[in-house]
Amino acid sequence: MSFGTRNTNSEQSNPNRGIGAARDWLYAEFVHAAETSGGRMTVEKQSYEQPKAARVPEPITVTNVVATLRGTQPESADRMYVVSGHYDSMCGNPSDAKCDAPGANDDASGTAAVLEMARVMAKYKFDATIVFMAVAGEEQSLLGSTHYAEQAKQKNLNIDAMLTNDIIGNTLGGNGVRDRTTVRVFSEGVPSNETQAEATTRRSVGGENDSASRQLARFIKETGERYVPRLNVMMVYRRDRYGRGGDHIPFLERGYPAVRFTELNENFQHQHQNIRIENGVQYGDLPEFVDFAYIADVARVNAATLAALALAPSRPRNVTMSNRQAYDTELKWDADKEPDIAGYEIVWRDTTAATWTNSQSVGNVTTFTMKGLTKDNYFFGVRAIDKEGNRSFVTYPRPQARTGAGGANPTQQTP
Ligand SMILES: [Zn+2]
């Protein structure tokens, strides 16, 4: 926040003030973090030219600072986990490049968490690849994250999960409630990129609470609360706060599972405000309103999640469930080709339960029949487990295409 403003429209070549100075400082910090990685972490500035737009009065260069910690298991290294914060800030007007916009919470909190994760995790080895990213242009409608996600899609990158941290440092809400023990994780139920055919299938068999992003949120709750028991992970079954958005959305729109971390109680007097005192009330996103110990705990939940995912096998692919009328439930999936795969677990829950409540190890197989448990009454999923006990997040099955008498249409309903 000592750069005065980090508005995306602000100066780019002044070494002391503006987003350019913040960009260069972040780049240097990530490069410093990478020194302990034995060459496995590389740092780049990913830039593009943004033409005039609603919140961009003049054309500008938008730059993401991206540190990539390459996975060490060749069969897993192309699988990626992305964690981000946005380093740009704004005061009252998103086009105002001059006003002081400290952005201590929105979103230096998330950016600092990502930088610290990179610093700590650089020296460790993971099977899969972790990308630590500080993006710009969030306040101009998700410019930097959209650029990264679009590049990823065009290169066909295998981003298995994306976590954005945005506004993770305020513990005294505008509602007067102090809460240092809860963080929200927002996840969508129906995928942003769902096709008409997928929607038809979903209406037929259910699954509006079982998108990949929702499975990711469940994994975060389980993992986060195991490693950081003092921090409660509150899942919110919604893409973001009511009618609002963040850097996970461009990823969701391109089919990548993604969630948003945000503090429990926000204070709108300290977001997107010019610094001022009005009727005795201090406005502005100032550091005195940030709870640093709390940010550290949110960062720990992120780090535990990323480590667990990047050590684990890929989540099972092509998981399908038999469409046949039966009293048992038959599941099928593709074999994982990673060398450390140990096998799979079937998970299930009541259809009204928020999280998976039951699991059963089924060995290193690619089909399994759950005897006596009907798919009509429970939701099922499959996860992979490696030889050290690391588990992937869950894949929710889709119905198998019907063959024979039932016809080939997987969404065809039997009355
Ligand atoms: Zn923000």
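Being a predicted model, the structure only gives us computed values, none of them experimental. Atoms within each ligand, like the ligands themselves, are counted from 1 in listed order.
Within the 4.5 Å cutoff, side-chain heavy atoms of R180 are placed close to those of D291. Side-chain contact between Y87 and V135 is absent, with no heavy-atom pair separated by less than 4.5 Å.
Not less than 6.0 angstrom separates the ring centroid of W348 from the ring centroid of F379.
Ring pair Y48/H147 is parallel by interplanar angle, where below 30° counts as parallel and above 60° as perpendicular.
The residues D334 and R315 are annotated as not salt-bridged, no charged nitrogen and carboxylate oxygen being separated by less than 4.0 angstrom.
Within the cation-pi definition used here (under 6.0 Å to the ring centroid, within 45° of the axis), R214 qualifies as a partner of Y237.
Protein-derived N/O/S atoms nearer than 2.8 Å to the Zn ion (ligand 1) total 4, waters excluded.
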